[in-house]
Every structure is written in structure tokens, then in C-alpha cells.
Amino acid sequence: MTRLAEMTSAEAAQAAQRGAVLVLPVGAVEQHGPALPLGTDTIRAEAVVDRLVDALDELVVVGPTVPVGVSPHHLAFPGTMTLRPATFAAVLTDYVDSLARHGWRRVLVVTGHGGNNATLGVVAQDVLRDHPEVELAWAPVTPLAPDALGAMNRAEVTGHCGEAETAQMLHLAPDLVRSDRLAAGTTVPGQLDPFARLSRGAAHPAVALPYDRLSASGVLGDPTSATAEDGRAVVDEVVRRLADFVREWSTT
């Protein structure tokens, strides 16, 4: 049994004692253009974690998902929900506080939403200060697949609900993709206003911009070129890299 919520208290104690890694999927409920569901980031994070369990069995235990993340930059689009960064951080910190109290020493957070990254960095520092006995690691999904991403045909401007995310959803949950509504969004820098164009540079100061300023549809890239095969390659690489990390981590 690999899900914390399905264990008894005694079974959870045994898993913590044997040094299992507690994995927390986190995502978002936010716009993903006209063709992808609002829960895309949560769906992808949970799917990666499920496959990680298949690869690692008793080395990992899956904790409860945090389905809503930090998404104020998408609030111009209906259906988007967001937590304040402080709220998101407080939830995860409370999770770790509870786990540490009962002997968990390794926690891995897998996020399907890049907007959570900055807050996860803060949480990691707080855990380091308050629970030095706990090893906390966190990872975004898509950036862990550089090889698969490099093999894809992607627009000059790409990202949110573009080729990579759409490909993953075509692989993981094709029934939730409105394929007839797939359409290119912002694909070249010339479609952006000057300051927005600066924010998409390869090396630049970090900039927070609302997504309706980046794309009228909320899409960055051309999802019409995405394939389920591309999505499988991305997910497989992500799971492989995470599994390799956890295996080595578990021997330390």
C-alpha cells in the first residue's frame, strides 16, 4: 500500500521508520487555453507520482495532493483559482510539520505548475531552519525532460498550455483534451509588447506579468503540433530522472 490516506496509523509509522520518501503532488486550478482542462497541472503531477510509485514500490509513499497553487497571473481567465503564496507555503509547511512529528525524514514535492516554484524555494528554506532533520526536495515536472523537449517541434515563444503540456495531456488524459479547439497562441516575440518581450528572454531579471498580457487565449506556443508520443517521451524521462534521484537518495 503506497498511499498515506489508505494506510492505518500503524502502517504509516512503519513506512516512516523504514525511511520511505513521502511524495506530495502539487498542482493548480487555472486556465489552460481553450483546449486543456483547468486541472492540467494537478493531473500531470499526480500522473507522474503514480508512475513513480510503479517504478519504486515501497521506497515511496504518496501523500495528499495540494490541488490549488499560486496562480494570480492567470486570474483574468474564468475558472482560475489561486492561493496566496503565504497560504500555499503555510499548507505545505504544516504538512511537513505533521510528518516530521511522526518520524518522516524525506519529503519530495512534485509540482505540475511552474508558478509554485518560487514559493517552494521559500518552503525549503523554512524547513531547513525549522526541521534540520528533514530532507526536503522539490521538482517541477516538464523541466526534468530536457532531452524529450529538445526533440519536440516547438515555437520560438512557448510554454503555458503549449506543445509540451498539450503533449503530456494527450498521453495522460486524452479524453480531457478538446482537440478541435487546439490553436496556436503567442508563438514569436513580435507578438508581445516590449516589456512582455523582455520577460521571455533567455537570460533576464524575473518579471511577473498577467497572462492576458502575454496571450489573448492564454496559450504560449502552438499546441496543434503536439502528439501523444511526444507526451509519453516527456513523462517517461521525468519519471526516470525522479526515480534515479529517489533510489540514490534512499541509500544516503
Side-chain angles (χ1 to χ4, degrees), residues 24-48 64-95 109-124 126 138-143 155 157-169 172-173 176-178 181-189 191-201 204-223 226:
L24 297 171
V26 302
V29 176
E30 63 182 28
Q31 72 87 15
H32 271 79
L36 299 184
L38 295 163
T40 288
D41 293 341
T42 303
I43 292 165
R44 293 186 300 112
E46 290 181 331
V48 164
T65 299
V66 182
V68 178
V70 180
S71 304
H73 44 305
H74 294 288
L75 279 173
F77 297 89
T80 297
M81 299 175 65
T82 188
L83 299 179
R84 296 176 186 272
T87 304
F88 182 71
V91 169
L92 283 172
T93 301
D94 284 352
Y95 277 20
V109 180
V110 176
T111 178
H113 174 45
N116 294 335
N117 292 357
T119 307
L120 286 170
V122 173
V123 170
D126 284 344
W138 64 272
V141 170
T142 303
V157 173
T158 189
H160 188 70
C161 47
E163 298 89 345
E165 282 193 328
T166 302
Q168 291 170 65
M169 289 298 287
L172 297 171
L176 296 180
V177 179
R178 285 66 162 176
R181 301 179 191 173
L182 289 170
T186 300
T187 58
V188 295
Q191 293 174 278
L192 298 167
D193 68 58
F195 188 57
R197 189 159 55 247
L198 275 175
S199 77
R200 305 301 298 180
H204 56 79
V207 175
L209 287 177
Y211 256 71
D212 55 317
R213 183 168 173 179
L214 297 173
S215 169
S217 67
V219 176
L220 297 180
D222 184 1

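On a predicted model such as this, the values are computed, not experimentally measured, just so you know. We count residues from 1, following the sequence as given.
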For the residue pair [X] and [Y], establish whether any side-chain heavy-atom pair is separated by less than 4.5 Å.
{"X": "Q168", "Y": "I43", "value": "no"}
{"X": "P37", "Y": "M169", "value": "yes"}
{"X": "L198", "Y": "V207", "value": "no"}
{"X": "L38", "Y": "M81", "value": "no"}
{"X": "L36", "Y": "V177", "value": "yes"}
{"X": "P34", "Y": "V219", "value": "yes"}
{"X": "L24", "Y": "W138", "value": "no"}

So which atom in [X] and which in [Y] form the shortest heavy-atom distance, rounded to 0.1 Å?
{"X": "G79", "Y": "V29", "result": "O-CG1, 3.7 Å"}
{"X": "T42", "Y": "G27", "result": "OG1-CA, 3.4 Å"}
{"X": "A167", "Y": "A226", "result": "N-CB, 3.6 Å"}
{"X": "G221", "Y": "A155", "result": "CA-CB, 4.1 Å"}
{"X": "G162", "Y": "P223", "result": "O-CB, 3.9 Å"}

Nearest 0.5 Å, please: how far is [atom2] in [Y] from [atom1] in [X]?
{"X": "C161", "Y": "E30", "atom1": "SG", "atom2": "CD", "result": "8.5 Å"}
{"X": "T111", "Y": "N116", "atom1": "OG1", "atom2": "CG", "result": "4.0 Å"}
{"X": "L220", "Y": "Y211", "atom1": "CG", "atom2": "OH", "result": "5.0 Å"}
{"X": "L209", "Y": "R200", "atom1": "CG", "atom2": "CZ", "result": "9.5 Å"}

Look at the side chain of [X] and the backbone N and O of [Y], then say whether any donor-acceptor pair between them is shorter than 3.5 Å.
{"X": "R178", "Y": "L176", "answer": "yes"}
{"X": "R197", "Y": "Q191", "answer": "no"}
{"X": "T187", "Y": "D222", "answer": "no"}
{"X": "T93", "Y": "A90", "answer": "no"}
{"X": "H160", "Y": "Q31", "answer": "yes"}
{"X": "H113", "Y": "V70", "answer": "yes"}
{"X": "T80", "Y": "H74", "answer": "yes"}
{"X": "T186", "Y": "L214", "answer": "yes"}

If we check side-chain contact (heavy atoms from CB on, under 4.5 Å) with F88, which of these qualifies: L83, T82, V122?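 For F88, the side-chain contact (heavy atoms from CB on, under 4.5 Å) test succeeds with only one of L83, T82, V122, which is L83.
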Could you tell me whether R181 atom CZ has more than 12 heavy atoms of other residues or ligands within 6.0 Å of it?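 No, CZ of R181 has 12 or fewer neighbouring heavy atoms, counting only those of other groups under 6.0 Å.
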Starting from the C-alpha separation in whole Å, work towards a yes-or-no answer on side-chain hydrogen bond (donor to acceptor under 3.5 Å, both in side chains) for T40 and E165. CA-CA 8 Å; T40 288; E165 282 193 328; over 6 Å; no
